[in-house]
Structure formats: structure tokens, C-alpha cells
4 protein chains.
Amino acid sequence: MKQAQINPRKTPKQARAKASVQAILQAAAHILERGGLETLTTNYVAEVAGVSIGTLYQYYPSKEAILTDIIRQKRARLLEDLQAATLAMRNESFDATLAKLLRAAVESQLHWPKLSKALEYAESFLPLEQETRVLNEQINQTIVAFLEHHQVAGAPVAARDLVSALRGMIDGAGLAGETDAQALFERTLRLAKGYLA
Amino acid sequence: MKQAQINPRKTPKQARAKASVQAILQAAAHILERGGLETLTTNYVAEVAGVSIGTLYQYYPSKEAILTDIIRQKRARLLEDLQAATLAMRNESFDATLAKLLRAAVESQLHWPKLSKALEYAESFLPLEQETRVLNEQINQTIVAFLEHHQVAGAPVAARDLVSALRGMIDGAGLAGETDAQALFERTLRLAKGYLA
Amino acid sequence: MKQAQINPRKTPKQARAKASVQAILQAAAHILERGGLETLTTNYVAEVAGVSIGTLYQYYPSKEAILTDIIRQKRARLLEDLQAATLAMRNESFDATLAKLLRAAVESQLHWPKLSKALEYAESFLPLEQETRVLNEQINQTIVAFLEHHQVAGAPVAARDLVSALRGMIDGAGLAGETDAQALFERTLRLAKGYLA
Amino acid sequence: MKQAQINPRKTPKQARAKASVQAILQAAAHILERGGLETLTTNYVAEVAGVSIGTLYQYYPSKEAILTDIIRQKRARLLEDLQAATLAMRNESFDATLAKLLRAAVESQLHWPKLSKALEYAESFLPLEQETRVLNEQINQTIVAFLEHHQVAGAPVAARDLVSALRGMIDGAGLAGETDAQALFERTLRLAKGYLA
DNA sequence: CATGAATGAGTTTTCATTCAT
DNA sequence: AATGAATGAAAACTCATTCAT
């Protein structure tokens with residue numbers, strides 16, 4: 001099994017270059033949402049992005065590097081949302097913060113269920129680079145901090161359980177065709193509160 | 001994307017043939033548990049199974065057919081276990097039956113987390129054959145029947161939520177290296193009871 | 001710079017397979033003699049050999065592996081010839097054995113000068129596998145033994161000087177279009193005897 | 001095989017431009033000495049030279065043109081040295097002039113053996129431009145003139161033999177790690193005098 | 001039935017070269 | 001002149017699948 005290089009190659013400086021990188025990432029995400037990992041080929045990504053295959057490889061040394069970068073972006077955005085959700089947690093009720101967290105979780109996954117599932121599966125075999133591992137750790141810490149602030153026993157395990165259960169549930173709903181975020185949110189709330197009760 | 005033929009080719013009658021088919025399935029499962037979908041190649045499966053690539057294609061017309069057959073077997077076994085768990089549900093408490101169901105769920109996934117995750121992901125893009133779709137439907141029905149027997153409102157959605165949340169949670173625990181089925185079982189119980197409360 | 005795998009993949013057992021491997025090696029040698037290293041591509045080798053690109057990769061994991069195998073074969077044959085030349089050296093005059101050695105050297109290079117030159121250059125950047133390194137060492141030892149048997153001082157350095165000078169000279173003659181082995185042989189004799197005088 | 005344009009594009013007039021050209025040539029030579037022909041890529045040359053790829057193509061229309069120019073420079077310098085060595089040949093002994101010639105040959109190759117070898121191999125497939133062919137011819141003529149001045153029979157062939165043998169020998173010594181020019185010089189002297197005896 | 005050599009479409013990837021800024 | 005983003009032809013290499021023995 002080859003170990004692909006995953007660090008981005010050069011940081012785009014000119015505006016044109018930035019646009020190319022964004023086009024590549026969006027094209028890849030789009031392909032994943034439509035057809036999953038097995039339809040993601042570098043040539044197809046380049047074609048959908050409207051750039052040449054050479055341009056793609058200017059910025060990403062491998063397919064894995066693109067996947068890794070999408071994961072990193074998604075994680076960064078999720079972390080931001082979760083941190084925003086817990087920002088005022090010291091002045092808020094447990095329920096209020098939890099609701100914000102769950103809304104963020106639902107929003108980040110429900111509308112791109114195949115993409116989410118593909119990235120989640122990709123994570124299981126990609127050697128994530130440092131930055132993404134740190135992001136994952138911070139996401140986890142955000143949840144653990146929230147749980148500990150409310151005296152939940154065994155917060156680390158509880159955080160992991162909740163995160164993985166919620167991921168599964170939201171993906172399941174999305175793949176089944178659900179689009180009503182509010183309805184799903186209420187069920188995730190029941191799940192989370194029930195588990196933590 | 002080509003649409004692969006997925007029905008097994010010929011039902012093996014002779015003992016030697018049955019042994020080959022089992023060897024193929026076990027080899028494939030083993031490869032999935034070790035390296036995931038991207039390491040599953042037909043030549044490698046044949047090699048690990050100790051049969052020639054020609055023999056493999058005697059019994060399975062495509063790689064997808066092997067995957068599908070593994071899923072079918074797993075599902076059939078799970079269905080059996082779930083049906084056994086609900087067999088006496090009319091004479092038992094809600095809690096007693098639920099515990100049996102969850103034990104079955106934990107047992108079926110915890111010790112092969114990468115295999116479970118890979119199959120789950122494979123399901124999202126494979127065109128499952130009739131028999132497996134029926135099995136999935138029966139699994140679902142078993143849960144729905146149990147929930148309805150205990151007057152749970154919105155049983156179909158609840159069943160789906162629980163199944164996908166539990167799958168996520170058990171996989172998450174397994175991938176994190178947990179092996180204590182009893183401890184995990186207790187947490188799944190909390191999750192399920194909490195959600196249904 | 002990637003480090004290509006150079007060990008042959010599978011040893012051909014059936015006659016058909018052996019024929020394929022020979023066809024590949026001959027095609028590669030032919031291409032090198034006609035156009036040099038820069039015209040040697042795996043697809044072209046397969047085409048000239050009359051096998052599919054897949055077949056080529058069944059037996060050689062990389063272009064480098066093919067080159068390495070050609071070098072190994074050439075070296076093995078040369079070693080054989082040199083050993084034959086020195087077989088009777090204890091009962092022969094210095095001049096008699098030297099003549100045999102030089103005839104072998106001229107024969108092994110003169111008629112394929114571009115091939116020789118390409119392989120020689122290839123050796124300078126290929127990570128030769130064990131077997132070929134051993135062959136090179138044995139070739140060297142054969143010359144050193146011959147020189148020491150005749151009380152030549154500084155035999156190891158003299159052997160290296162002679163081998164590299166003769167290689168250069170024979171290649172030079174071949175590339176210049178010479179084909180008269182006898183005439184060239186006589187000049188190599190002058191060179192060698194002069195250097196050792 | 002495409003036939004690349006090899007004549008330099010424009011003669012740099014400004015000081016900055018001359019500096020760029022020199023940087024390019026030195027970078028290319030450096031890369032050849034470190035990694036050989038297969039590591040010589042235009043983008044890498046530009047990077048090492050500290051100029052943009054666009055600038056490189058301002059002065060050289062192709063990769064081959066750079067190689068050709070390096071060869072031309074090397075040859076020009078060697079010719080100068082050889083001509084200097086034979087300048088006084090009419091008033092000197094055969095041995096004295098030969099020694100000067102061999103010192104020049106050793107100096108020009110010993111310290112950059114991989115570069116020498118790469119250029120030598122490159123010459124075998126590059127379509128050398130007029131100027132370099134003339135230089136090569138002049139180098140040859142210089143040797144031939146020297147040999148004929150001392151009544152060597154068959155001077156043209158002898159010149160070729162000596163040049164190619166010495167090239168091989170000096171390269172061989174360099175690649176083997178020798179750095180003592182004096183010691184090597186003495187052995188080349190033995191080789192040349194022996195051959196011409 | 002079993003074998004394993006052979007196939008070739010499809011992918012990844014490189015790198016010389018062009019061209020808009 | 002200089003820059004560096006973009007190009008795409010061409011190469012390396014994989015792997016599902018077929019078929020002669």
C-alpha cells in the first residue's frame with residue numbers, strides 16, 4: 001500500500017490561483033456528494049473544477065491531499081460553530097448550550113449526507129496531517145469541556161459516544177431523504193439529553 | 001460507473017466448492033477488517049483465500065458480488081439474533097427485550113469495527129440484491145414491531161434513528177479500541193432508553 | 001525522487017510466461033540499442049514485445065526493474081566469459097590469458113554500443129539489487145585474481161582502471177561505427193599491455 | 001521523439017540577464033552532479049537558479065538547449081586547456097606535452113564525475129548544434145596534430161581510442177571516490193604512453 | 001472445476017512548455 | 001524582461017475480468 005503525500009504543495013498567492021484551489025475543493029466535494037469516494041478521480045475533479053489536471057497537481061500532490069483538505073476545512077468550520085455554541089456556556093443553562101451544539105451538528109451534516117459519510121469513511125484510512133488531528137482534538141475538547149462544566153461523569157467517553165451516535169443518526173436521516181432540520185434537531189436533543197440523563 | 005452483476009454465479013454443491021466460497025468470504029472480510037475497502041482487490045482476496053483468481057470468478061461474477069454476499073451473511077446473522085431477542089417479547093418487560101436487542105447489536109459490530117464501517121459504507125453505493133434488501137427490511141420490521149408493541153409513537157422513525165445512532169456509537173467505540181462489550185452495552189442501553197423515554 | 005521497486009515480481013512457471021519475460025527483456029534491449037534510455041517507456045516495451053502492458057507489470061514492478069534485469073543478465077554472461085578466459089591461467093602465459101579476457105570484453109560490448117552505454121549510465125543511478133552487485137564484485141575479483149597471479153602491483157586499482165578505460169574505448173569505437181572486432185581487439189591489447197608494462 | 005530546438009534564444013545583453021543565464025547553467029550542472037540526467041527538470045533548474053520558469057525559457061527554448069550549452073562551455077574550456085598544452089609542442093618533448101594534455105583532461109573531469117558522465121551520455125542522443133560539433137572537432141584535431149607531430153601512425157584512430165579510454169578511466173576513478181589528481185594523472189600517463197609505445 | 005497468464009481500460013502523476021499579467 | 005499559473009501530452013502503473021490450458 002502506497003503512502004500518499006498529503007500536504008498541499010504550494011500556497012496559492014495570486015487571486016487566479018486561489019480561485020483554482022477553491023474550484024478544485026468544491027468540485028471534489030460535489031463529486032463526493034453525488035457519487036461517493038469511488039467516483040472521485042483526479043481527472044474528474046479537474047474536469048468538474050474547470051481546470052487542467054496539471055493545475056490540480058500544482059496544488060495537491062495526490063487525491064488523498066484533496067480529501068484531507070476538504071476534511072480539514074469541514075472540521076475547521078464545525079469547530080468554529082461548536083466554539084460559538086459554547087462561548088456563553090458559563091452564563092447559560094445546560095439545555096440552552098446543548099441545543100446550540102446540536103443545531104451546529106445537524107447543520108454541518110444533514111444537507112450533505114453522502115459527503116459526510118464519505119469523508120467520515122475516508123478519515124478511517126487517511127493519515128491525517130497534523131492540523132486536522134489538532135482540529136479533531138479541539139472539537140473533542142470543546143464537547144468534553146461543556147460536559148465537564150455541567151458535572152457529567154466520564155465526560156471523555158460520553159463525548160465520544162455522543163459524537164459518534166449523532167454522526168450516525170444525522171447521516172442516517174440525511175441518506176433517508178430527511179431535510180427538515182428542525183424535526184431532526186428535536187430528535188437529536190432527545191437522544192443527547194436521554195443519554196446524559 | 002459500470003453496474004456490476006452482483007448475484008452469485010452458481011450455488012456450490014460439492015463440499016470442496018463450499019469450502020472455496022467460505023474461504024473467499026472469510027478472506028475478503030479479513031482484508032476489510034485489516035485495510036478497508038481500498039485494499040480489497042479480487043486478486044488479493046483469491047491469494048489470501050488460497051484459491052486461484054479463476055476459481056473466485058467461478059462463484060462471484062464481480063468484486064461487488066463478494067461484498068454483497070458478506071453483507072447478506074452479516075445481515076442474516078443479525079436478523080436471526082434480533083428475532084431471537086424479540087421472540088419472547090410478549091411475555092417480557094420492555095427493558096428485558098431491549099437489553100437482548102442491544103447485546104445482539106453490540107456483539108455483531110464491536111469486534112470488527114473496520115469491517116462494519118467498510119460494509120456500512122459499501123452499502124451506500126452498492127445496488128443491493130433483492131435478498132439483502134428483504135433482510136434489511138426484516139431487521140427494521142423487527143425493531144418497529146418491538147417499539148410498536150410497547151406503544152412507542154413514531155416507531156418507524158425512531159427505529160431508524162436508533163439503528164443509525166447505535167451503529168455509529170458502536171463503531172466509534174470499536175475504532176477507539178474499546179473491547180469491553182459489557183461496558184459498551186450499558187452505555188447503549190442508556191442511549192436507547194434515554195431516546196425512547 | 002521516488003525509489004522504484006526493482007525486484008522481479010513473480011517467477012514465471014509456465015512456458016508461456018517464460019516466453020513473455022524473454023520477449024520483454026529482448027524488446028527493452030532492442031529499444032535501448034536503437035534509441036537509448038530516453039526512448040525506453042514501459043508501454044513501448046510492451047508493444048515491441050507483443051504483450052500487454054498488464055503482462056509486463058506482472059513480471060516487473062517498474063521500468064527500473066527491467067533495466068536491472070537486463071544488466072544482471074549481461075553481467076552474468078560477461079562473468080561467465082571472463083571466468084572461462086581465466087580458467088587455465090595457471091598453465092598459460094600472461095599474454096594468452098589477457099588476450100582471452102580482452103576478446104570477451106570486446107565481444108560483450110562492441111556490437112551493442114548504445115545498449116552498453118545506456119546500461120552503464122543506468123547503473124550509475126539505479127539501486128542495483130544484491131545479485132547484480134555480487135556479479136560486479138565477482139567480475140572485479142576475476143580481473144584482480146588474474147593480475148595478482150602475475151604479480152601486478154596495485155591490482156585492485158589497476159583492475160578498475162583497465163575495466164573503465166576499456167569500456168570507454170570499446171564503446172567509443174562502437175559508437176563511431178567500428179565493427180571489426182579483431183582490429184579493435186588488437187588495440188585493446190596494446191592499451192592493456194602498455195598500461196601494465 | 002520530438003526534435004527540440006537547441007539554439008539559445010537571445011543573447012543576453014544586460015548584466016542582470018547574463019547573471020540569470022549563468023545561474024541557470026550552474027544550477028543545471030549542480031543538479032546533474034547531484035542526481036544525474038533523470039533529476040534534471042526545467043522547473044527544478046529554475047528553482048535552484050533562483051529565477052522563474054518563464055525567465056529560463058526566455059534564454060533557452062528547451063531543456064536540451066541548456067544541456068547543449070553546458071556541453072558547449074565544458075568543451076570550450078577543455079579545448080582552451082588542450083590548446084594551451086600543445087602551444088609549445090614544437091619546442092618540447094613528446095612526454096612534456098603529453099603530460100600537459102593529460103593534466104588538463106584529469107582536471108576537467110575528475111572533480112565532477114557524475115556531471116561528466118551525464119554530459120557524455122547526453123551527447124549520445126542530443127543533436128549537438130554546429131558550434132559544439134566544431135569544438136569537438138577542434139579538440140580531436142588538437143590531439144591528432146599532437147600525435148602526428150610525433151609521427152604516431154594511425155593518429156585519428158589513436159586519438160579516438162585515447163580520448164574515450166581516458167574519459168572512461170577518469171570517470172571511473174571519480175565515481176569510485178578518488179580525488180587525488182596527481183596519482184590519477186600518473187596512471188593516465190602510463191595508459192597513454194603504453195598505448196602509444 | 002481449477003488454474004494462472006494475459007488483457008486493457010482507467011487512474012494517477014509528471015514535466016516541458018506557453019502565455020496572460 | 002520577469003513572473004508563475006496554467007496546460008495537456010505522455011508516462012507509469014493498477015486491477016477487475018477473461019480465457020486458454
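Proximity of S52(B) to the phosphate of dG4(E): no side-chain N or O atom is located under 4.0 Å from OP1 or OP2. The phosphate of dA6(E) has OP1 or OP2 within less than 4.0 Å of a side-chain N or O from S20(C). Considering only side-chain N and O atoms, T41(D) lies nowhere under 4.0 angstrom from the phosphate OP1 or OP2 of dC15(E). The phosphate of dC1(E) has neither OP1 nor OP2 within less than 4.0 Å of any side-chain N or O from T55(B). In terms of phosphate contacts, Y57(B) brings a side-chain nitrogen or oxygen within less than 4.0 Å of OP1 or OP2 of dT17(F).
In this structure, Y59(D) places its OH atom 17 Å from P of dT18(E), rounding to the nearest Å. Following rounding to the nearest Å, Y60(B) (OH) and dC1(E) (P) show an atom-to-atom distance of 15 Å. For the pair Y44(C) OH and dG8(E) C1', the computed distance is 20 Å after rounding to whole Å. Distance CD (E47(C)) to P (dA12(F)): 13 Å, rounded to an integer number of Å. Rounded to an integer number of Å, the gap from E38(B) CD to dT11(E) P is 17 Å. Residue L126(B) contributes atom CG, which lies 15 Å from atom C1' of dA16(F) at whole-angstrom precision. As a whole-Å value, the separation of K18(D) NZ from dA1(F) C1' is 16 Å. As a whole-Å value, the separation of E64(A) CD from dT11(E) P is 15 Å.
Heavy-atom contacts from other residues, nucleotides or ligands closer than 6.0 Å to OH of Y44(C) number 12 or fewer.
Within 3.5 Å, no donor on the side chain of N43(C) pairs with an acceptor on the base of dA10(F), nor the reverse. For a distance-only test at 3.5 Å, the side chain of Q58(A) fails to qualify as a donor-acceptor partner of the base of dA5(F).
For the P atoms, the distance from dT21(F) to dC1(E) is 22 Å, rounded to whole Å.
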What do the steps show when you test L40(D) against I66(D) for side chain to side chain contact (heavy atoms under 4.5 Å, CB included), and what is the final call? CA-CA 10 Å; L40(D) 188 81; I66(D) 302 175; 5.8 Å; no
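Distance CD/E123(B) to CZ/F125(B): 10.5 Å, rounded to 0.5 Å.
Checking I53(C) against R16(C), the closest nucleotide of DNA chain F that is more toward the 5' end is the one next to I53(C). Summary of the strand contacts: G50(C) and T42(D) both lie near DNA chain E, and taking for each the nucleotide with the nearest heavy atom, the more 5' one is attributed to G50(C).
Searching all strands for a Watson-Crick or G-U wobble partner of dA11(F) with both distances below 3.5 Å returns dT12(E). Pair check for dT7(E) finds dA16(F); Watson-Crick or G-U wobble, both atom distances under 3.5 Å. In this structure dA1(F) sits in no base pair that meets the Watson-Crick or G-U test at under 3.5 Å.
Between Q5(C) and A65(C), the closest heavy-atom pair is O-CB, 4.0 Å.
No option in V45(C), I70(C), V48(C) other than V45(C) meets the side-chain contact (heavy atoms from CB on, under 4.5 Å) test with I24(C).
Looking only at atom types and distance, the side chain of T132(A) has a donor-acceptor partner in the side chain of E129(A) under 3.5 Å away.
Using a 4.0 Å heavy-atom criterion, one finds that L40(D) contacts the sugar-phosphate atoms exclusively.
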